[in-house]
There are 2 protein chains.
Amino acid sequence: MGRVSDAKEKLMKAVTELIWTGSYGSTTIDQICERAGVKKGSFYYFFDSKATLAGEAIEAAWEEYRPKLDKVFSPSLAPLDRIHRFCEFEYQEQCELHRQFGHVLGCPLCTLGTEVSTQEDALCRKVQAIMDQSRKYFETTIRDAHAAGLVYAPDAAAKARTVYAYSEGLMAQARIRNDLQVFREMERGILDLLGVKEREALAT
Amino acid sequence: MGRVSDAKEKLMKAVTELIWTGSYGSTTIDQICERAGVKKGSFYYFFDSKATLAGEAIEAAWEEYRPKLDKVFSPSLAPLDRIHRFCEFEYQEQCELHRQFGHVLGCPLCTLGTEVSTQEDALCRKVQAIMDQSRKYFETTIRDAHAAGLVYAPDAAAKARTVYAYSEGLMAQARIRNDLQVFREMERGILDLLGVKEREALAT
DNA sequence: ATTCTATTTGACTAAATAGTAAACTAAAAC
DNA sequence: GTTTTAGTTTACTATTTAGTCAAATAGAAT
C-alpha cells in the first residue's frame with residue numbers, strides 16, 4: 001500500500017489555525033502549505049481546493065471538540081449546572097487560545113460561516129450542519145430544565161435557537177473587541193433568556 | 001478648484017456592496033474599481049488602501065443608516081414599542097436586501113468586524129465605534145423601560161450589551177442559513193432577555 | 001478665452017497566487 | 001530483494017493582484 005503520510009492532518013491543522021486566527025479569504029494555499037511544512041504538490045494530491053480542505057478541517061475539528069461538549073453537557077448533571085459548566089468551559093478555552101495566539105478568537109463556525117455564506121455553498125452547508133448538532137446540546141438541556149420545572153420553555157427547540165444565537169453573538173463581540181471579559185456575561189444572558197431569576201440559579 | 005468628481009462616492013458604494021454581499025478578504029481593488037466604473041489610478045488618487053476605503057465607506061453608510069434608527073427609536077414612543085418597531089424595521093430592510101441581492105446579508109458591521117478583527121486594526125476599531133453608538137439605542141430604550149417599570153434592568157448598559165449581542169448573533173444565523181424567517185424570532189428573544197412575559201408585551 | 005488645478009486615464013512593473021505535471025522516493029507487500 | 005503503490009518534490013505556466021506614474025483632460029475660476 002505504498003508509504004504513509006500525515007500531510008493531510010498537518011494541512012488540516014494549518015488551515016484551521018489560519019482561518020481562526022485570520023480569515024478564510026485572506027489565507028492562501030501557499031500559506032497553508034508553508035505552515036504545514038508540506039509542498040504544494042502534496043496539497044493538490046490530497047485536496048482539490050481550499051474549500052475542500054477547509055470543509056474536512058472543520059469536520060475533523062468538530063469531532064475533536066464534540067467529546068468535550070459531551071462531558072460538559074452530561075445528562076447526569078442538573079440542567080442549569082450544564083449551562084454553568086458550558087460557560088466556564090468556553091471561557092477557559094478562549095483564555096487558552098488567547099494565550100496561544102495573542103487574540104480572542106471566538107467561534108470559528110460563526111466567523112467562517114458569515115464570511116463564506118454567500119460564496120462557498122458546500123462549505124457553508126457543513127458549517128450549518130455542525131451548528132445544528134452543536135445547538136442540540138442546548139435543546140436537550142432546555143428540555144430537561146423545562147421537565148424539571150426549572151424554566152418555562154414548552155418549545156425547547158425554539159428556545160435553543162435563541163440561546164445559541166445569543167452565545168454566537170457574544171462570541172462575535174468578544175472577537176471583535178478582543179476582550180475575554182465579554183464571556184463573563186454569558187451565563188447571566190443565557191439564564192435571562194431562560195427566565196431564570198438571579199436567586200433561582202444559585203439555589204439549584 | 002478644477003473639476004469635481006463623484007468617484008469617491010461611487011467607490012464607497014461599490015466596496016460596501018461587495019463586502020456585504022461577499023466578504024472583505026475576497027473583494028479586490030480591481031473588482032471595486034470595475035463595479036464603481038472608476039479606473040484604478042483614480043482609486044489611488046482618493047484612497048491609499050482597501051482598508052482606508054472600507055473604513056470611510058462604513059462610516060458613510062452609518063451616517064445614512066443613523067437617521068432611520070433615530071426614527072425607529074424615537075423617545076416619543078413607548079419603550080417596548082421601539083423594540084417592536086426596530087425588529088419590524090430590521091426585517092423589512094433585510095427583505096429588501098434579499099430581493100436586491102438574492103441572499104440574506106445580516107449585519108455588515110458584525111460580518112466585517114469578525115473577519116478583520118485580527119488583521120485590520122484601524123478598520124476594526126471603526127466597526128467597534130459604530131457598534132458602540134448603535135448599542136446606545138438599546139441602552140436608552142432599556143433605561144426608559146426600566147424607569148417606566150416595564151422591565152427590571154437596573155444596569156441598562158449591561159442589558160443593552162446582552163440584547164445587542166443577541167441581535168447580532170441572530171443576524172449572523174440569518175446570513176449563514178440564508179433564511180429571512182430567523183428575524184421573526186428577534187422580538188420574542190429580546191423581550192425574553194428583558195424579562196417581559198408574552199402577555200405584558202401585548203398589553204403595552 | 002485662458003489659466004489653473006483637480007481628476008482621469010492607460011500603460012506599466014513586480015509580486016503573489018492558483019494550479020499542473022513529470023520525475024523521484026520511501027516503504028509496504030510479496 | 002523486487003515490485004508495487006502511495007506520497008513527495010521541483011520546476012513550471014498562466015493569471016491575478018497591488019501599486020506607480022507621467023501624460024491627458026475636463027471644467028471651475030478668472
Side-chain angles (χ1 to χ4, degrees), chain A residues 1-58 60 112 115-116 118-124 126, chain B residues 1-58 60 112 115-116 118-124 126:
Chain A
M1 64 174 257
R3 67 210 277 194
V4 293
S5 168
D6 60 343
K8 215 168 164 173
E9 286 68 37
K10 287 195 283 190
L11 285 166
M12 293 199 290
K13 183 166 181 256
V15 82
T16 302
E17 282 181 15
L18 284 167
I19 291 175
W20 210 356
T21 61
S23 69
Y24 178 82
S26 70
T27 83
T28 68
I29 291 174
D30 282 332
Q31 255 181 295
I32 297 164
C33 291
E34 195 190 342
R35 169 170 304 219
V38 162
K39 293 283 158 32
K40 193 151 51 161
S42 292
F43 172 95
Y44 282 105
Y45 178 74
F46 288 110
F47 304 98
D48 52 79
S49 69
K50 185 171 71 168
T52 306
L53 167 60
E56 292 199 29
I58 59 165
L112 177 60
E115 181 179 349
V116 305
T118 59
Q119 304 176 84
E120 296 282 354
D121 205 58
L123 185 50
C124 189
K126 293 201 174 188
Chain B
M1 64 172 262
R3 68 209 278 196
V4 292
S5 167
D6 59 344
K8 214 169 166 173
E9 285 69 35
K10 287 194 283 189
L11 285 166
M12 294 199 288
K13 181 162 182 259
V15 82
T16 302
E17 282 181 15
L18 284 167
I19 291 176
W20 211 357
T21 61
S23 69
Y24 178 82
S26 70
T27 83
T28 67
I29 292 173
D30 283 332
Q31 256 180 295
I32 297 165
C33 291
E34 195 190 342
R35 167 167 309 215
V38 162
K39 292 285 163 15
K40 195 151 48 159
S42 291
F43 171 95
Y44 282 105
Y45 178 75
F46 288 110
F47 304 98
D48 52 79
S49 69
K50 185 171 72 167
T52 307
L53 167 60
E56 292 199 30
I58 59 166
L112 178 61
E115 183 179 349
V116 305
T118 59
Q119 306 176 80
E120 296 283 354
D121 206 58
L123 184 50
C124 189
K126 292 201 175 187

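In what follows, every chain begins at residue 1, and chains take the letters A, B, ... in the order their sequences are listed. Since we're looking at a predicted model, the values are computed, not measured.
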Which donor-acceptor pairs under 3.5 Å do the side chains of residues 6-17 of chain B make with protein atoms, sequence neighbours left out?
residue	atom	partner	partner atom	Å
B/Thr16	OG1	B/Met12	O	2.7
B/Glu17	OE1	B/Arg35	NH1	2.5

Atom-to-atom span, [atom1] of [X] to [atom2] of [N] - whole angstrom:
X	N	atom1	atom2	answer
B/Lys8	C/dT8	NZ	C1'	16 Å
A/Gln31	C/dA18	CD	C1'	14 Å
B/Glu34	C/dT9	CD	P	14 Å

Determine, step by step, whether A/Ser5 and A/Phe46 satisfy the side-chain contact (heavy atoms from CB on, under 4.5 Å) criterion, reporting the C-alpha distance in whole Å, the side-chain angles of both residues, the deciding distance to 0.1 Å, and the verdict.
CA-CA 10 Å; A/Ser5 168; A/Phe46 288 110; 3.8 Å; yes

Heavy-atom contact window of chain B on DNA chain D, given 5' to 3' at under 4.0 Å
D/dT17 to D/dA29

Who are the side chain to side chain donor-acceptor pair (under 3.5 Å) partners of B/Ser26, not counting sequence neighbours?
A/Gln119, B/Ser23

Keeping A/Thr118 on the side-chain end and B/Thr21 on the backbone end, is there a donor-acceptor pair under 3.5 Å?
yes

Hey, does the side chain of A/Glu115 reach the backbone of A/Tyr24 with a donor-acceptor pair shorter than 3.5 angstrom?
yes

Let's see if you get this right: which residues in residues 37-48 of chain A place a heavy atom under 4.0 Å from DNA chain D?
A/Lys39, A/Gly41, A/Ser42, A/Tyr45, A/Phe46

Among residues 12-29 of chain A, which contact DNA chain D at a heavy-atom distance under 4.0 Å?
none

Atom CD of A/Glu34 with >12 non-hydrogen neighbours under 6.0 angstrom
no

Identify all pairs in which a protein N or O lies below 3.5 Å from an N or O of nucleotides 22-27 of chain C, and state each distance.
residue	atom	partner	partner atom	Å
C/dT25	O2	A/Arg3	NH1	2.6

Quick one: [atom1] on [X] to [atom2] on [Y], what's the gap to the nearest 0.5 Å?
X	Y	atom1	atom2	answer
A/Ile58	A/Leu123	CD1	CG	5.5 Å
A/Gln31	A/Lys50	CD	NZ	9.0 Å
A/Tyr44	A/Ser49	OH	OG	8.0 Å
B/Ile32	B/Phe43	CD1	CZ	5.5 Å

